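I'd like to ask you about the structure that follows.
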Amino acid sequence: NYTLHAAYTDLAGNVAEEKSVDEFVVDTTKPQIDIGGVQDQVAYSGDVAPSITYHDINYDNTSAGVSIVGYKHKDSENLQGTHSDDAYGGSYVCDNIVPVKANDDVYTASGTVSDLAGNISNVDIRFSVNRFGSTYIYSDDNTKSLIDQYYTNSPQTVKITEINVSPLDTETISTSLNGDVNTLNKDSDYSVKESNPGWMQYDYEINSDNFKKEGAYSVTLYSEDKGG
């Protein structure tokens with residue numbers, strides 16, 4: 001904290017009245033945000049109770065925005081937790097996510113906090129809850145738009161990401177056109193890329209040639225992990 005004092009003496013030796021200006025603060029430090037209980041790109045099969053805490057000595061209590069949102073549960077109504085706030089920050093502590101199949105999902109925990117000096121911090125991580133098997137997300141915006149719009153006038157490549165705690169033993173992809181099921185062949189009909197950024201991740205690209213005919217399609221992905 002700084003206080004500015006002003007004093008002045010002219011060439012004739014006259015001394016001006018000393019003035020003190022109001023205190024001001026120089027703050028170049030960004031707020032601190034910590035996400036606990038989970039790590040980025042890690043899949044969990046046991047208890048999962050994420051938390052977000054934030055702190056700054058000059059915390060702006062009108063600025064905090066924290067959330068834990070599921071890919072399927074965008075309204076977060078499946079989560080319960082406790083939020084607290086004080087002069088220097090606050091926290092959101094989520095209860096253990098209830099172990100039911102509907103709560104298996106890919107979640108994003110994020111926080112945005114600013115202080116009174118205008119410093120801003122942003123943090124977000126993704127984690128997966130996999131108590132009952134794999135979770136799935138659309139891998140790109142084109143696939144998501146295709147599903148959202150439902151109708152299209154040209155076949156598109158469909159991209160899906162599968163996330164699991166354990167490596168997969170087998171996977172099978174099939175399409176259904178107006179009720180007729182067709183099992184796809186790996187490498188010719190679709191490709192899969194395996195990676196392990198912290199969780200086991202499988203990125204599938206289903207070729208647009210599989211959707212040449214007109215009609216209503218559905219895609220089914222079946223897999224078994226090494227944990228059974």
Side-chain angles (χ1 to χ4, degrees), residues 1-2 22-100 102-131 135-145 147-149 159-165 195-201 203:
N1 291 15
Y2 291 86
D22 288 344
E23 186 177 78
F24 63 93
V25 175
V26 175
D27 179 0
T28 62
T29 303
K30 291 184 177 182
Q32 181 176 339
I33 306 176
D34 295 305
I35 297 178
V38 291
Q39 297 180 11
D40 192 32
Q41 291 189 306
V42 174
Y44 297 91
S45 59
D47 289 348
V48 186
S51 64
I52 306 173
T53 58
Y54 44 95
H55 172 84
D56 192 278
I57 192 170
N58 299 307
Y59 166 58
D60 180 359
N61 62 7
T62 67
S63 72
V66 298
S67 63
I68 301 172
V69 179
Y71 187 80
K72 298 183 299 183
H73 301 89
K74 300 189 186 304
D75 56 12
S76 300
E77 289 185 354
N78 65 314
L79 304 180
Q80 301 293 325
T82 304
H83 183 271
S84 62
D85 212 3
D86 60 36
Y88 300 106
S91 66
Y92 174 71
V93 179
C94 183
D95 298 341
N96 180 42
I97 297 174
V98 178
V100 295
N103 286 341
D104 272 18
D105 201 353
V106 179
Y107 293 86
T108 299
S110 59
T112 299
V113 179
S114 63
D115 63 21
L116 295 172
N119 301 301
I120 301 174
S121 292
N122 298 284
V123 174
D124 66 82
I125 68 167
R126 288 197 309 167
F127 63 94
S128 184
V129 178
N130 295 82
R131 296 179 176 125
T135 51
Y136 301 89
I137 58 175
Y138 302 126
S139 305
D140 67 350
D141 291 337
N142 289 336
T143 299
K144 187 177 185 305
S145 295
I147 301 302
D148 290 343
Q149 293 172 4
K159 298 181 180 182
I160 300 171
T161 295
E162 178 176 8
I163 296 166
N164 203 310
V165 176
S195 59
N196 184 10
W199 53 33
M200 295 305 303
Q201 178 169 320
D203 296 302

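This one's a predicted model, so the numbers in the text were calculated from it and none came from an experiment. Positions are given from 1 along the sequence.
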Exercise for the section: For the pair N78 (side chain) and N103 (backbone), establish whether a donor and an acceptor sit closer than 3.5 Å, ignoring hydrogens and angles. Expected result: no
Exercise for the section: Kindly indicate whether the side chain of T135, heavy atoms from C-beta on, has any atom under 4.5 Å from the side chain of K72. Expected result: no
Fill in the blank from the handout: So ring-ring contact (aromatic ring centres under 6.0 Å, His included) across residues 60-89, not counting sequence neighbours, yields none
Scan the side chains in residues 114-126 for donor-acceptor partners under 3.5 Å anywhere in the protein, sequence neighbours excluded, and list what turns up.
residue: S114; atom: OG; partner: S63; partner atom: OG; Å: 3.1
residue: D115; atom: OD1; partner: A117; partner atom: N; Å: 3.0
residue: D115; atom: OD1; partner: G118; partner atom: N; Å: 3.1
residue: D115; atom: OD1; partner: N119; partner atom: N; Å: 2.9
residue: D115; atom: OD1; partner: N119; partner atom: ND2; Å: 3.4
residue: D115; atom: OD2; partner: N119; partner atom: ND2; Å: 3.0
residue: N119; atom: ND2; partner: D27; partner atom: O; Å: 2.9
residue: N119; atom: ND2; partner: T29; partner atom: O; Å: 3.3
residue: S121; atom: OG; partner: P31; partner atom: O; Å: 2.5
residue: N122; atom: OD1; partner: T112; partner atom: OG1; Å: 2.8

Exercise for the section: Output yes when a side-chain donor or acceptor of S139 lies under 3.5 Å from a complementary backbone atom of T161, and no otherwise. Expected result: yes
Problem - Residues which pass side-chain hydrogen bond (donor to acceptor under 3.5 Å, both in side chains) with D34, listed by chain and number, not counting sequence neighbours - result: Q32
Exercise for the section: Using distance alone, with no hydrogens and no angle criterion, decide if D203 and Q201 have a side-chain donor and acceptor under 3.5 Å apart. Expected result: yes
Handout entry: Close side-chain approach of W199 and N130, heavy atoms under 4.5 Å
Key = no
Handout entry: Minimum heavy-atom distance between P50 and F127, given as atom pair plus value
Key = CG-CZ, 3.9 Å
Handout entry: Sequence-distant partners of K144, side chain to side chain contact (heavy atoms under 4.5 Å, CB included), two or more places apart
Key = Y138, D148
Fill in the blank from the handout: With sequence neighbours left out, the residues meeting side-chain hydrogen bond (donor to acceptor under 3.5 Å, both in side chains) with N142 are none
Practice task
Give every residue pair that meets the ring-ring contact (aromatic ring centres under 6.0 Å, His included) criterion with at least one member in residues 32-68, sequence neighbours excluded.
Solution key: Y54-Y59
Problem - Minimum side-chain heavy-atom gap I97-Y107 below 4.5 Å - result: yes
